[in-house]
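Beneath this line is the structure, given in structure tokens, with notes to follow.
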Amino acid sequence: MTAPDWLIFGAYFALVLGFAYYQSRKNVGVEGYFLANRRLPWGAIGLSVMATQASAITFIGTTGQAFDDGMEFIQVYLALPLAMVVLCIFFVPFFYRAKVFTAYEYLEQRFDPKTRSLTAFLFLVQRGIGAGIIMYAPAIILSVILGWDETVTIMIMAAVTIAYTLMGGITAVVWTDVIQMLMAFAGIIVALIVLFTALPTGVGVGDVVYIGGIQEMWRSIDLSWDPTNTYTIWSGLFGGLFLALAYFGTDQSQVQRYLTAKSLTQSRMSLIFNAFLKVPMQFLILSIGVLLFVFYHFEEPPLVFNSAEVALVEQSPRAVEYDALESRFSELHAGRRAAAFELLDAREAGADPGALRDRISASDQDLRAVRDEAKALVSDVRGTSSNDVNYVFPTYLITYVPAGLLGLLIAVIFAAAMSSLDSELTALSSATVIDFYKRWLNPDASDAHYLLVSRLATLVWGLFAMLIAFQAGQLGSLIELVNQVGSFFYGSLLGVFLLAFLMKRATGTGAFVGLILGMVSVAAVATLTDISWLYYNVVGAVVVFAVGTALGGSRSRPV
Amino acid sequence: MPDRGHVQPTDPNDDGGPIGIFPTWRALYTTVVVYALVLIVIFYILSVSLDFSGP
């Protein structure tokens, strides 16, 4: 990075810390620390909801995924507007009017302490480790791309985020999320403009769309019914709906956001805001990936984007094999590049591009095959598989983006990570203090005492997340296990809340037993079948709802 | 344990009156649902019309 990049990068951190300090002065007591004294406007909350969901991996991983597979990932988000309507009607009024601090606190009001404690405990385990991954995933990528020490990257991210979260609680978190989300929007637009301007002279929007279309990169809707196919319109509509309901309706890191609103109307508006903006935002992020795919028709990409892995292979006895693949890749790319230029000339002249199109298509297949071979070789040498798509966008940034803008785009990646991490820290801290410390250990302390303990909990969770991030490289299988358990638990937790909101005679014991059986059912489905993980949430929610209804009663509530 | 929370709470101060340009919440929710359906149709049209993979 050059001096202007560092300047922008430094200015971002100064702005975030300064703004957080300014906002934090408005907080009063523990309600101020966790809920901003319920006085935040819907626009800020809406942006914070978006920022919490969009982590650094959203920007890095999603662009890489679109580079590899095109736009089909958009299907996961198509049910999100519908989920927001359901949440506004059935979820938000209960949380808001119950005047709770956490989603799980509501479950004790509705059911019993054991259901509250189990759900809060599952949240703490899953999100505590998840907070570490939020830091680790971008840190490892930025370290490889920028040559920074991974530990230093994690420490910068953690120190700044812990500092402003500790200082200003949820108020600082929401308002810094606003800055970070606006930066993300700016970053997306800048990345698209830079990509367009980097294309060879004479290559226009129509050409980009055409070349992308040759490999079906714009295909966003898959109507196939195969439940093992991860991304189809059906998995998106059903699985995506339940996933969005579970995430936005039962995860404290999101529920806490809309509990900070001035009124129920403002809470709802923050979610409706997301209903309108989320899909277009994901479309733009995925478009960056497809544009990268087209861009690399004219510029030769690396065979494998992760330079650290390439270095590892080149120092291994299998370096010769890798070099041979690289030569083959260069040769194929040169052929595809020439065909792409010829195709553009033919289109301009009004000639039939059929043969050239087939040539490009065939070259694409060959290039993918060589790349897959190289990835397999790298995996063999490393002993584990790796996700090379995460390195596509950062590699492009560092190689082609001009000075100044690079600083902005790297700051956007940091901002995305920090805006998710800060929300996790306040959510973890609130669940620890409200659902465990105050509930079980010390119910009658002063507000000042709870505020002190809340700050301490934020610090401890921040340090714990940092520790997980430092060790994440060695915890591979454990992290995978935790993520799997998380996906088992999300849908089941949704089932508990649906029982609470919809079934009058549902009892705490029915919900508790249903939650455990729901998680067991999802584990069984995941182990015994190949259905898309998007359906796990449907299975979990349906099993919990059915068990809870059977054990507790069957009369649905009057509205 | 009292069976609280199972009845939809009501608060006329929160839900009465227009919400921005929308006369009622029902109108706003309907707009969101229509918007979601329009998105699906747009993406389907894009998928079909921008497929140049060959005859």
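Numbers restart at 1 for each chain; the letters A, B, ... are given by sequence-line order, proteins then strands. Computed from a predicted model, the values in this text were never measured in an experiment.
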Heavy-atom cut-off 4.5 Å, strictly under: side chain, backbone, both or neither for [X] against chain B?
X	result
A/M269	both
A/I360	neither
A/I211	neither
A/I214	both

Handout entry: Distance in Å, A/T509 OG1 paired with A/F111 CZ, rounded so as to fall on 0.5 Å steps
Key = 10.0 Å
Handout entry: Per-residue contact mode, B/Y35 against chain A (heavy atom under 4.5 angstrom)
Key =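 Interface part for B/Y35: side chain.
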Practice task
Would you mind checking which part of B/L28 comes under 4.5 Å of any heavy atom in chain A, side chain (CB onward), backbone (N, CA, C, O), both or neither?
Solution key: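 The answer is the side chain of B/L28.
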Practice task
For residues A/F501 and A/F95, establish whether the separation of their ring centroids is below 6.0 Å.
Solution key: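 Here the rings of A/F95 and A/F501 have centres that are less than 6.0 Å from each other.
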Problem - Results of side chain to side chain donor-acceptor pair (under 3.5 Å) for A/S287 - residues two or more places apart only - result: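 With neighbours one apart ignored, the set is empty.
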How close do [X] and [Y] get, heavy atom to heavy atom, and via which atoms?
X	Y	answer
A/K504	A/R110	O-NH2, 3.3 Å
A/R347	A/G206	NH2-O, 3.6 Å
A/L286	A/G70	CD2-O, 4.4 Å

Exercise for the section: Flag yes if more than 12 heavy atoms outside A/Q365 fall under 6.0 Å of its CD atom; otherwise flag no. Expected result: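 Yes, CD of A/Q365 has more than 12 neighbouring heavy atoms, counting only those of other groups under 6.0 Å.
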N/O donor to acceptor pairs below 3.5 angstrom from side-chain atoms of residues 75-92 of chain A, sequence neighbours left out:
unit_1, atom_1, unit_2, atom_2, d
A/Q75, OE1, A/D222, N, 2.7
A/Q75, OE1, A/I233, N, 3.0
A/Q75, NE2, A/E72, O, 3.0
A/Q75, NE2, A/Y231, O, 3.2

Exercise for the section: Give the member of B/L46, B/I40, B/T31 that has the highest number of heavy-atom pairs under 4.5 Å with chain A. Expected result: B/I40
Exercise for the section: Please collect all side-chain hydrogen bond (donor to acceptor under 3.5 Å, both in side chains) contacts where either partner lies in residues 209-219 of chain A, sequence neighbours excluded, each pair once. Expected result: A/Q215-A/S361, A/Q215-A/D364
Problem - Proximal to chain B - members of residues 273-285 of chain A, heavy-atom separation under 4.5 Å - result: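 Interface residues of residues 273-285 of chain A: A/A275, A/F276, A/V279, A/P280, A/F283.
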